[in-house]
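Beneath this line is the structure, given in C-alpha cells, with notes to follow.
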Amino acid sequence: MIQSNELRIGNLVSFGEEIKKVIEITEDAFYVLDKDGTTLKNTWAEIKPIPLTEEWFLKCKSNSIFNNGFEYKKTSTGRFEIYAGTILITVIEFVHELQNLNFALLGEDVIIENY
C-alpha cells in the first residue's frame, strides 16, 4: 500500500487493473482521473504502486533526470540505482518514486504518455 506522504498530484498509480493519475489528495481519500475524464474518489487501501519495469522506465527516460547527467543501473532485484556521477543517490522500484525524484531534482514532472 502507498502512504499518503509518498504521493504527489500527477503520480500514476495502479487502481484495480487500470493505471490512473492522481489529481487530488486528502487525509482520508485520493482522487484520480479516469480515461474518460471523470473524477473517481478512492480510499488509500484501493491503490497500489506501479512497479518500475524496463517498459515503464523507457516511457519515463526520454524526458527525465537521465537527460540531465544522472545515470542508472538496474539491480539483480529489479530495482534501479540512481547515480550522480559515481555517487549513489537512491534506489527506486516504483513509477511514482521516479516521478517524485525527477520533480525533487529538476522541479519538473516526468511526462508519461500512453499509460
Side-chain angles (χ1 to χ4, degrees):
M1 185 168 93
I2 301 175
Q3 301 299 314
S4 63
N5 64 350
E6 293 180 53
L7 283 183
R8 294 179 46 256
I9 292 174
N11 282 154
L12 297 180
V13 294
S14 178
F15 179 71
E17 297 296 317
E18 297 183 14
I19 304 301
K20 307 285 186 190
K21 182 183 280 190
V22 175
I23 59 170
E24 185 179 342
I25 300 170
T26 66
E27 188 174 315
D28 61 341
F30 70 98
Y31 298 80
V32 294
L33 187 62
D34 202 3
K35 289 190 181 199
D36 67 3
T38 58
T39 300
L40 305 171
K41 180 180 178 181
N42 307 281
T43 67
W44 289 103
E46 296 174 296
I47 65 168
K48 292 186 175 51
I50 302 167
L52 186 59
T53 62
E54 289 284 339
E55 178 184 354
W56 275 103
F57 190 80
L58 292 173
K59 288 181 183 182
C60 300
K61 186 179 173 190
S62 66
N63 55 17
S64 66
I65 58 176
F66 306 111
N67 290 328
N68 290 278
F70 293 87
E71 302 289 328
Y72 69 93
K73 179 175 129 183
K74 188 170 182 183
T75 69
S76 60
T77 60
R79 296 177 174 159
F80 289 85
E81 294 177 339
I82 310 300
Y83 293 87
T86 58
I87 300 169
L88 176 65
I89 297 174
T90 192
V91 179
I92 57 177
E93 62 181 311
F94 300 111
V95 171
H96 73 277
E97 293 173 332
L98 178 57
Q99 289 179 291
N100 294 346
L101 179 63
N102 196 84
F103 190 82
L105 294 175
L106 301 180
E108 298 176 3
D109 288 316
V110 175
I111 299 167
I112 305 172
E113 298 180 18
N114 303 319
Y115 59 89

**Asked** If we only count heavy atoms from C-beta on, is the Ile47 to Lys20 side-chain gap below 4.5 Å?
**Response** no
**Message:** Using 0.5 Å steps for rounding, measure from the CG atom of Asp109 to the CG atom of Asn100.
**Reply:** 9.0 Å
**Prompt:** If you look at every heavy atom in Gln99 and Arg8, which pair is closest and at what distance?
**Reply:** O-NH1, 4.2 Å
**Fill in**
NZ of Lys21 to CG of Leu33, rounded to nearest 0.5 Å, is 7.5 Å
**Request:** Hey, could you give me the CG/CD distance between Leu106 and Glu108, rounded to the nearest 0.5 Å?
**Result:** 6.0 Å
**Prompt:** Are Lys73 and Glu71 within salt-bridge range, i.e. N to O under 4.0 Å?
**Reply:** no
**Message:** Counting only heavy atoms from other residues, nucleotides and ligands, does the tally under 6.0 Å from CG of Leu58 exceed 12?
**Reply:** yes
**Message:** Between Glu81 and Val91, is there a side-chain heavy-atom distance shorter than 4.5 Å?
**Reply:** yes
**Asked** Do Phe70 and Val95 share a hydrophobic cluster, counting only Ile, Leu, Val, Met, Phe, Trp and Tyr and linking them when any side-chain heavy atoms are less than 4.5 Å apart?
**Response** yes
**Message:** Between His96 and Leu7, is there a side-chain heavy-atom distance shorter than 4.5 Å?
**Reply:** yes
**Prompt:** What is the minimum heavy-atom distance between Thr90 and Ile92, and which atoms define it?
**Reply:** CG2-CG2, 4.0 Å
**Prompt:** Are any side-chain N or O atoms of Asp34 and backbone N or O atoms of Asp36, one a donor and one an acceptor, separated by less than 3.5 Å?
**Reply:** no
**Prompt:** In terms of hydrophobic clustering (I, L, V, M, F, W, Y; side-chain heavy atoms under 4.5 Å; direct or indirect links), are Leu40 and Val13 co-clustered?
**Reply:** yes
**Prompt:** Would you find more than 12 non-hydrogen atoms of other residues, nucleotides or ligands less than 6.0 Å from Ile111 atom CD1?
**Reply:** no
**Message:** To check you understand the geometry: which heavy-atom pair defines the closest contact between Ala84 and Ile89, and what is its length?
**Reply:** CB-CD1, 3.6 Å
**Asked** Considering all heavy atoms of both residues, which atom of Ile9 and which atom of Ile25 are nearest to each other, and what is their separation?
**Response** N-CD1, 4.0 Å
**Request:** Please report the closest heavy-atom contact between Pro51 and Trp56, naming both atoms and the distance.
**Result:** O-CD1, 3.8 Å
**Asked** What distance separates Leu98 CG from Tyr72 OH, expressed to the nearest 0.5 Å?
**Response** 11.0 Å
**Inter-residue atom distance Thr26.OG1 - Lys41.NZ, 0.5 Å rounding** = 6.5 Å
**Request:** May I ask whether Val22 and Phe15 are part of the same hydrophobic cluster, defined by side-chain heavy atoms of I, L, V, M, F, W, Y residues being less than 4.5 angstrom apart, directly or through others?
**Result:** yes
**Item:** Euclidean distance, Phe94 CZ relative to Asn11 CG, rounded to 0.5 Å
**Value:** 12.5 Å
**Message:** Give me the atom names and distance for the closest heavy-atom approach of Ser14 to Pro49.
**Reply:** CB-O, 4.4 Å
**Prompt:** According to the interplanar angle, ranging from 0 to 90°, do the rings of Phe57 and Phe80 count as parallel (below 30°), tilted (30 to 60°) or perpendicular (above 60°)?
**Reply:** parallel
